[in-house]
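Throughout, a chain's letter reflects where its sequence line sits, starting with A, and its residues are numbered from 1.
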There are 2 protein chains.
Amino acid sequence: MSAPTPSARVTLAELAAEAGVSLSTISKVLNGRTDVSRTTRAKVEVLLDEHGYQRRGTRTPKSRLLELVFHELESAWALEIIRGVENVASENGLSVVLTESGTRHAPGPEWVEGVIARQPAGVVLVFADLPQDCRRQLESRSIPFAIIDPAGDPAPDVPSVGSANWAGGMMATRHLIDLGHTRIAAITGPADVMCSLARIDGYRTALNAAGLPFDRQLIRYGNFHVDGGRDNALELLRQPNRPTAIFAGSDIQALGVLDAARQLGISVPGDLSIVGYDDLQVARWSSPALTTVHQPLIEMAEEAARMVLMLREGEEPNNLRLDLATSLVVRQSTGPAPDAVRPLAAVG
Amino acid sequence: MSAPTPSARVTLAELAAEAGVSLSTISKVLNGRTDVSRTTRAKVEVLLDEHGYQRRGTRTPKSRLLELVFHELESAWALEIIRGVENVASENGLSVVLTESGTRHAPGPEWVEGVIARQPAGVVLVFADLPQDCRRQLESRSIPFAIIDPAGDPAPDVPSVGSANWAGGMMATRHLIDLGHTRIAAITGPADVMCSLARIDGYRTALNAAGLPFDRQLIRYGNFHVDGGRDNALELLRQPNRPTAIFAGSDIQALGVLDAARQLGISVPGDLSIVGYDDLQVARWSSPALTTVHQPLIEMAEEAARMVLMLREGEEPNNLRLDLATSLVVRQSTGPAPDAVRPLAAVG
């Protein structure tokens with residue numbers, strides 16, 4: 001993408017002439033009005049994009065809305081993220097507009113049209129990345145945005161907030177090593193999700209630092225849900241030389257590991273230690289309560305919202321990409337490595 | 001409250017004269033503008049209220065916002081309710097504005113001012129009831145509203161949606177009786193919350209119908225959190241003639257009961273059956289998965305949102321108060337009553 005130099009900025013009148021439409025039509029497209037034909041709108045969008053048009057000096061200072069858009073409200077993360085954005089919004093006298101739209105990768109086109117018509121103060125997106133056309137549509141209207149990205153790998157020039165996944169994997173594994181465990185399995189998310197790779201690298205580095213071997217048989221990739229934890233744990237725990245500790249990719253997965261242990265009659269933490277990831281409320285509610293890696297979801301959402309409001313004021317954030325620290329929270333699901341692994345009784 | 005007859009409706013000019021302010025000041029107060037002094041605003045609000053003023057024919061048909069206001073976003077219910085309101089909003093091309101405000105009983109005054117300025121299509125509130133002044137402020141601006149009320153006891157003339165708590169208590173208890181349990185304890189919410197009383201009445205009726213005695217010693221009132229379940233369960237289970245089943249007031253409380261059982265070495269469901277309430281995601285995630293009473297929170301939120309949109313169109317809902325059905329979901333935490341209660345080992 002080559003942005004035009006400021007002196008080369010095109011005027012709306014020039015755009016109108018090039019598109020063969022009236023100035024008012026251009027203005028309607030910019031403001032998300034629906035009384036413009038779909039083809040005309042598409043033509044104008046292409047020209048806005050080609051010329052790297054960006055509205056200047058016409059910000060609507062009155063907008064009291066901050067947009068938050070998710071692809072999946074039922075995610076276990078959703079509530080924490082909503083709370084963080086809501087905190088910053090209310091500090092600034094703004095209201096949060098919440099939308100569920102699109103896929104893991106991008107919001108749907110109907111959302112983009114809606115947000116242009118609403119002209120919010122800014123947009124916080126919970127997506128792995130933002131497609132180029134969606135990004136250009138926001139930029140051409142001077143609507144600032146930031147991505148909250150606990151999992152993905154957004155483009156480096158997109159404002160985004162994540163957390164320290166590699167360090168999280170390292171801390172969890174070091175904690176288990178410190179407790180005397182030497183056969184430590186890891187169940188993580190899908191292999192194409194960046195956070196999974198980063199955490200497994202942290203896990204490997206902790207093993208290396210302790211002089212312990214990295215055994216591929218002890219690594220499992222699966223979904224972040226309960227069954228992803230349960231099914232992989234059942235396989236791992238039925239091995240003759242089973243692990244004495246499992247580092248799970250999410251608290252929800254860790255609940256699945258707990259269930260697998262219960263089904264097999266393996267006591268936690270006596271015979272098996274479990275570390276979760278995220279530190280959702282459910283980690284405290286679990287029995288035993290989960291030792292887990294705290295992912296600061298509320299703070300991540302707060303930072304993303306602050307970033308948007310800075311951009312709104314015309315200030316550049318010092319860093320476009322921010323990773324907040326993770327930390328280990330030790331509760332009841334981890335304990336000293338057992339002296340010997342008892343053979344499984346014929347159950348489950 | 002005596003509403004004036006339609007013929008007695010006051011005009012804005014009359015109100016202005018009575019308040020000794022200009023017509024434009026009256027209009028500013030009605031539209032939530034902030035450039036009016038606090039005293040003037042208060043004076044005008046009192047007059048609007050006294051005259052039962054209600055804006056007519058000036059609805060802003062363009063409003064694409066539906067407001068949702070909570071006193072506590074961290075409630076385990078919050079996400080389900082957001083999802084329900086979001087479903088109906090997106091079906092109708094509306095966006096949801098989310099606010100956390102006030103106490104369990106009413107939203108804060110800053111929210112009321114904000115909502116008047118935003119002029120949304122309508123408001124869904126998650127509160128036990130709506131104070132008269134807040135209600136009047138919404139009515140005088142013709143902003144329709146409905147309450148989602150899983151716990152409280154709103155005034156009968158306030159549009160609200162709840163669920164069948166009495167039937168929920170009855171079904172849970174009957175399920176345990178059908179499994180052969182005769183000593184069934186109940187842990188429920190605070191005694192001043194209507195849903196707690198309704199569920200305990202349902203519990204008692206199920207016992208009566210089966211010819212079982214109602215034993216006050218087996219009823220506990222506590223908070224809806226994990227510790228409310230754990231602490232009460234520890235007391236109940238340490239009794240010499242301990243119950244073989246516990247009906248909890250929420251899934252979260254039920255997790256506390258599970259933890260108490262684990263601490264005391266009592267197996268679930270072998271020696272103790274547990275029934276939760278709400279059917280949140282965590283009920284499925286728990287190990288063993290919880291038998292629970294399904295409270296249709298998503299559908300309740302959808303109904304409240306639909307009620308608001310009907311009122312918006314000038315239609316009267318058939319019923320101002322709607323209780324949706326609860327249902328029993330049987331999972332792994334309940335089983336046949338044990339033949340005999342084994343004495344507790346000296347643990348915990």
Could you measure the distance from the [atom1] atom of [X] to the [atom2] atom of [Y]? Nearest 0.5 Å is fine.
X: B/L280; Y: A/W285; atom1: CG; atom2: CH2; value: 7.0 Å
X: B/S95; Y: A/W111; atom1: OG; atom2: CH2; value: 10.0 Å
X: A/F70; Y: B/I82; atom1: CZ; atom2: CD1; value: 8.5 Å

Task: Within-4.5 Å side-chain heavy-atom neighbours: B/L65 and A/L65 - done: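 Side chain of B/L65 against side chain of A/L65, heavy atoms only: contact under 4.5 Å found.
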TODO: For the pair B/E100 (side chain) and A/E86 (backbone), establish whether a donor and an acceptor sit closer than 3.5 Å, ignoring hydrogens and angles.
DONE: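 Here the side-chain-to-backbone pair does not exist.
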Task: For B/V268 against A/R262, the heavy-atom pair lying closest together - done: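 Answer, listing the atom of B/V268 first, then A/R262: O-NH1, 4.3 Å.
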TODO: Compare every heavy atom of B/S287 with every heavy atom of A/D259, then report the nearest pair and how far apart it is.
DONE: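 For A/D259 and B/S287, the tightest heavy-atom pair comes out as OD1-OG, 2.7 Å.
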- [ ] Give, as side chain, backbone, both or neither, the part of A/E67 having an atom under 4.5 angstrom from any heavy atom of chain B.
- [x]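 It is neither, since no heavy atom gets under 4.5 Å.
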Which atoms of [X] come close to chain A, meaning under 4.5 Å heavy atom to heavy atom: side chain ones, backbone ones, both, or neither?
X: B/I252; answer: side chain
X: B/T99; answer: both
X: B/V96; answer: both
X: B/R118; answer: side chain
X: B/E80; answer: neither

Task: Pairs of heavy atoms under 4.5 Å with chain A: top-ranked of B/L255, B/V226, B/D227, B/L98 - done: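 The option with the most such pairs is B/L98.
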TODO: Among the options B/G114, B/S286, B/P288, pick out the one with the most heavy-atom pairs lying under 4.5 Å from chain A.
DONE: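 That would be B/P288.
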